[in-house]
Amino acid sequence: MKYIYFTVGPSQVYPTFKKHLQAAIKADIPSISHRGKLFGEIFTHTTKNLRQLLNIPNTHRIFFLSSALESMERIIQNTVGKTSFHFVNGAFGKRFYKTALELGKDAEKEEAPYGSGFQLNSIKIPQKSELICITQNDTSTGVSLPMTDIHNLKDKYPDTLIAIDVVSSIPYVEIDFTKIDIAFFSVQKGFGLPAGLCVLIVNEKAIDKARELQDKQISIGSYHNFLSLLEMEVKLQTPETPNVLNIYLLGKVCEDMNKKGIERIRKEMKKKADMIYDFFDKHETYKPFINDKIFRSDTTIVINLKDHAKEVLYKLSKKGYVAGSGYGKNKNNHIRIANFPAHKITDVKKLLKYFE
Ligand SMILES: *Cc1c(COP(=O)(O)O)cnc(C)c1O
């Protein structure tokens, strides 16, 4: 059976993925040297298209890592001497926080009750914090924090670095990079690509911080630290043998998205999100899990099925639709529906029809 994946990651592949994969095989991309000229061209093509798509200015560098969890570790190592501050609104925010603790930092956190968000600007962040970590869209709970609130934090804390996890909201979420020092995402969610590649975007201030820590003899990690990544990025390379195939595919998908236009992609995604929320707001028994509309994610939508999740997921799969199960203890209460660029409006309509 041919399935359509509404899972929150990995998810449905981008419609042009297969075409680009075939072209990559034909061109022997998996065999090329990561120190050669062709790889440099791929590197340039991918970063150029990423910059255009996400409006990334030249103040920020683009690094390739292997996963979002790796990025969390590298960010802490390279920007925190002692203290980091974390907004925890789900399992991924918790992972970021724990990573800091495991690396021996004094991590502090503000934790929201399960399924709620924060009034970011009413929370006092200690002056000693070197880095503020925010999970902009926590995939485990479906809680999304308004980008404007995050941008406003920079005005309040101009000297503190701000890092945002946008793994499951990019490329939908619009980032003002004058207010964000670090952002990262892996590609198996919104970009509809295979897992095993993460994009880490960092500005000069964050790189300066890594330099400062190294000068103080604080470990900033080994092969993947901001300085080694920068040194190789200038040569259009990475320190290790990277996921060349996925870097190639990401460039191709970004190019397709640029051709389509990011405004149009975002508009379509908003329309699908509104369709899904409207439908379940009016549903007799199944309801959106997040009550406060301000914090409802448009890209990872959690629906409370009140103990019927397993049964519904099974029946959906019989129709060719794979949705995500609830996270952790809500495995049998919730389902999660991804709304990424790869999901077609017609498929969303068909999916919702099942719930009528
Ligand atoms: C999936 C996810 C991650 C982890 O991504 P990996 O590529 O598995 O490391 C981190 N943060 C969020 C919000 C996610 O949805």
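Just follow the structure's listing: the first ligand is 1, and inside any ligand the first atom is 1. All of these numbers come straight from a predicted model, not from anything done at the bench. Position 1 is the first residue of the sequence, and the numbers go up from there. All values below come from the heavy atoms of this structure, side chains included, with hydrogens, waters and symmetry mates left out.
- Annotation: Phe96 is in aromatic contact with Phe184 [ring centroid separation under 6.0 Å].
- In terms of N/O distances under 3.5 Å, ligand 1 is not approached by Met72.
- The cationic group of Lys272 does not satisfy the cation-pi geometry with Phe6, failing either the under 6.0 Å distance to the six-membered ring centre or the 45° limit from the ring axis.
- Considering each of Thr139, Thr300, Asp138, Leu69, the one bringing a non-hydrogen atom nearest atom 9 (O) of ligand 1 is Leu69.
- Counting protein heavy atoms only, atom 10 (C) of ligand 1 is closest to Phe92 CD2, 3.3 Å.
- For the pair Lys189 and ligand 1, the shortest N or O to N or O distance falls below 3.5 Å.
- Glu73 and His224 form no side-chain donor-acceptor contact under 3.5 Å, judged by distance and modelled atom types alone.
- The aromatic rings of Phe87 and Phe85 sit perpendicular to each other, their planes meeting at more than 60°, with 30° as the lower class boundary.
- In terms of protein heavy-atom proximity, atom 8 (O) of ligand 1 is nearest to Gln188 NE2, 3.7 Å.
- In summary, the atoms of ligand 1 found under 4.0 Å from a heavy atom of Ser186, numbered by their order in the structure, are 5 (O), 6 (P), 7 (O).
- Atom CG in Asp347 sits 13.5 Å away from atom OH in Tyr5 (nearest 0.5 Å).
- For the residue pair Tyr172/Asp298, the side-chain donor-acceptor check at 3.5 Å is satisfied.
- Only the side chain of Val167 comes within contact range of ligand 1, with a heavy atom under 4.0 Å; no backbone atom does.
- Ring geometry for Phe289 against His334 counts as tilted: the plane angle lies between 30° and 60°, on a 0 to 90° scale.
- Looking at Asn137 next to ligand 1, no N or O pair under 3.5 Å apart turns up.
- Remark: ligand 1 and Asp165 share an N or O pair separated by less than 3.5 Å (distance only, no angle test).
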